[in-house]
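Numbers for residues simply follow the sequence, beginning at 1.
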Amino acid sequence: SSHFGSSPPRPAASSPPPPSPPPNLGVTAMAAPSPDNGLAQAPMTVHSAAVAVFAQLRRQMLDIQVHQSVVAKAPPPNASWAARPRPGMLVIAMIKTPPDKFAWRELIRSTLGELTCGTAVAGRSARVVVRFAVGQPRRQALRVKLLQEARQFGDIALLNVTDGVTAKGDEGKVWHLFRWALRRFPKAALYFKQDDDTFVNWRNALPLLLGRLLDRRPARRIYVGRLCPWSLCGFEDQPSNHCASGQLYGFSGDIVRWALQNVGPEVGPDDLVACSWARRFEAAAGGLPLDPRGLLFPPLHNDAWIHPVKSSQLYQKCMHDRSRGCSVAFPHANVHPMDPEQRFRLPLQSPCRLSSINGGVLPRGWPADDGRAVADGGNKKK
């Protein structure tokens with residue numbers, strides 16, 4: 001069954017899977033729709049925009065249904081692997097944040113103990129390690145203060161790129177973010193990029209994103225996150241492109257390694273840059289598509305994560321109001337008409353409310369992290 005409530009009609013069994021994207025798909029091919037494509041010729045009401053978006057979203061979900069039938073016919077996973085005891089898995093969450101948001105990082109840091117501990121997915125315990133990905137500040141005084149924070153808390157990933165977002169989007173920070181994570185935690189199963197205004201309960205998020213993808217299978221060829229409607233990601237002319245929006249997305253280690261070996265830092269919105277990695281990875285594998293069932297659209301991820309949480313008051317409400325929780329509603333920035341309200345509530349009883357900051361649960365066999373901040377070394381493209 002579909003993740004998205006009522007399922008659209010399934011295609012006939014003989015329907016081919018969605019076509020593979022061209023091998024050289026780049027960020028420049030993913031610009032927003034042009035004014036002459038019929039989508040921006042006249043002002044649209046909220047209602048008409050929502051109707052148009054619903055049609056696009058339904059087509060995206062239908063493509064995902066097609067992929068489900070392909071997955072059902074795929075060869076079964078290796079029986080010897082499925083029979084092995086399942087070890088704990090390491091998950092790295094890199095929160096992308098600007099250098100000067102010291103108070104905001106402290107607020108997030110104070111809640112990570114509860115939000116990351118006691119996590120498990122597909123019968124495996126998971127240790128979630130969170131790091132703040134920060135580029136190099138332009139001002140020396142800010143750099144000194146940032147280094148002091150790094151020494152004090154040990155959770156700062158100092159990236160070898162100047163921080164800042166231009167009119168063209170991210171200046172390659174996301175590439176350095178994943179590079180730092182892979183170098184520092186090479187044995188991790190999954191690597192996530194998270195916006196600093198995304199509030200995540202990892203005990204709910206990981207099973208929702210990965211539950212069906214990891215069932216009796218190793219953590220490979222995985223791309224998960226919040227499904228980005230074509231109306232936001234500009235993919236109307238590329239119907240096989242299922243992309244995750246920038247608020248939260250993740251890759252398995254094999255895709256991260258491939259991207260860092262074959263692609264360098266690129267200018268553009270980080271979610272579209274990362275999505276282009278997924279498309280190129282598919283092309284390099286002969287066009288075999290990634291399983292899109294880990295790309296979720298609300299309300300499915302309610303109570304797993306919420307975005308955008310812009311104020312400390314809303315953040316505190318999401319963390320401490322266990323009876324009503326918190327919500328963000330359209331037309332708030334980045335809240336989509338097809339997702340008129342996101343809701344989030346932590347459980348009244350949590351097994352981890354007294355947990356230490358960012359401790360998580362150490363799966364058996366994983367060494368303890370020494371907590372030191374490690375700078376990204378070099379920026380040469382491999």
Are [X] and [Y] side-chain neighbours, meaning at least one heavy-atom pair lies under 4.5 Å?
| X | Y | value |
| --- | --- | --- |
| Arg220 | Ile255 | no |
| Leu90 | Val129 | yes |
| Leu115 | Phe199 | yes |
| Glu149 | Ile156 | yes |
| Val134 | Pro98 | no |
| Phe344 | Val309 | no |
| Phe185 | Val91 | no |
| Leu182 | Leu260 | yes |

Which atoms form the tightest heavy-atom contact between [X] and [Y], and what is the distance?
| X | Y | answer |
| --- | --- | --- |
| Ala278 | Leu290 | CB-CD1, 3.9 Å |
| Trp305 | Ala205 | CE3-CB, 4.0 Å |
| Pro292 | His242 | CB-CD2, 4.1 Å |
| Leu314 | Ser327 | CD1-O, 4.1 Å |
| Pro265 | Gly172 | CB-CA, 4.0 Å |
| Pro137 | Leu146 | CD-CD2, 4.0 Å |

Self-check item: Option from Leu208, Leu213, Leu210 for which side-chain contact (heavy atoms from CB on, under 4.5 Å) with Val121 holds
Solution: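 The single option meeting the side-chain contact (heavy atoms from CB on, under 4.5 Å) with Val121 is Leu210.
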Measuring from atom [atom1] of [X] to atom [atom2] of [Y], what distance do you get when rounded to the nearest 0.5 angstrom?
| X | Y | atom1 | atom2 | value |
| --- | --- | --- | --- | --- |
| Thr119 | Arg203 | OG1 | CZ | 6.5 Å |
| Leu107 | Lys101 | CG | NZ | 10.5 Å |
| Cys318 | Arg343 | SG | CZ | 13.5 Å |
| Arg131 | Thr97 | CZ | OG1 | 14.5 Å |
| Arg138 | Asp163 | CZ | CG | 8.5 Å |
| Lys193 | Met94 | NZ | CE | 11.5 Å |

Quiz prompt | Partner set under side chain to side chain donor-acceptor pair (under 3.5 Å) for Arg143, not counting sequence neighbours | solution =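 For Arg143, the residues satisfying side chain to side chain donor-acceptor pair (under 3.5 Å) (neighbours in sequence not counted) are Gln136.
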Quiz item: Can you check side-chain hydrogen bond (donor to acceptor under 3.5 Å, both in side chains) on Asn160 and His176, steps first, answer last?
Solution: CA-CA 7 Å; Asn160 190 36; His176 290 275; 5.5 Å; no
Using atom types as modelled and distance alone, determine if a side-chain donor or acceptor of [X] lies under 3.5 Å from a backbone N or O of [Y].
| X | Y | answer |
| --- | --- | --- |
| Thr198 | Gln194 | no |
| Arg257 | Pro186 | yes |
| Asp271 | Gly246 | yes |
| Lys173 | Thr162 | no |
| Arg322 | Met319 | yes |
| Arg105 | Pro99 | yes |

Quiz item: For Phe251, which of Phe281, Trp258, Tyr223 qualifies under ring pair (Phe, Tyr, Trp, His ring centres under 6.0 Å)?
Solution: Tyr223
Quiz prompt | Distance SG-SG for Cys275, Cys243 less than 2.5 Å | solution =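 Cysteines Cys243 and Cys275 qualify as a disulfide pair, their SG atoms being under 2.5 Å apart.
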Quiz item: Does NZ or CZ of Arg109 come closer than 6.0 Å to the centre of the six-membered ring of Phe153, within 45° of the ring's axis?
Solution: yes
Carboxylate-amine/guanidinium proximity below 4.0 Å for [X] and [Y]:
| X | Y | result |
| --- | --- | --- |
| Glu266 | Arg280 | yes |
| Asp196 | Lys96 | no |
| Asp303 | Arg345 | no |
| Asp321 | Arg324 | yes |

Exercise. Please step through side chain to side chain contact (heavy atoms under 4.5 Å, CB included) for the pair Trp277 and Trp175, ending with a clear verdict.
Key: CA-CA 10 Å; Trp277 299 347; Trp175 186 90; 4.0 Å; yes
Quiz item: Can you list the steps and then say if Val200 with Thr116 is a side chain to side chain contact (heavy atoms under 4.5 Å, CB included)?
Solution: CA-CA 9 Å; Val200 184; Thr116 62; over 6 Å; no
Quiz prompt | Pairs touching residues 118-140 that satisfy ring-ring contact (aromatic ring centres under 6.0 Å, His included), sequence neighbours left out | solution = none
Quiz item: Which pairs with one or both residues in residues 99-125 pass ring-ring contact (aromatic ring centres under 6.0 Å, His included), sequence neighbours excluded?
Solution: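 Those involving residues 99-125 are Trp104-Tyr315.
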Self-check item: Whether over 12 other heavy atoms sit under 6.0 Å from Lys317 NZ
Solution: yes
Practice problem: Verify the ring-centre separation between Phe178 and Tyr191: is it less than 6.0 angstrom? | Solution: no
Exercise. Check the pair Tyr249, Asp270 against side-chain hydrogen bond (donor to acceptor under 3.5 Å, both in side chains), reporting the backbone distance first and the verdict last.
Key: CA-CA 10 Å; Tyr249 59 83; Asp270 73 81; 2.7 Å; yes
Exercise. In sequence, state the C-alpha distance, the side-chain angles, and the governing distance for Leu190 and Leu209, and then conclude on side chain to side chain contact (heavy atoms under 4.5 Å, CB included).
Key: CA-CA 11 Å; Leu190 293 143; Leu209 291 167; over 6 Å; no
Quiz item: What do the steps show when you test Ile92 against Phe192 for side chain to side chain contact (heavy atoms under 4.5 Å, CB included), and what is the final call?
Solution: CA-CA 6 Å; Ile92 308 302; Phe192 280 87; over 6 Å; no
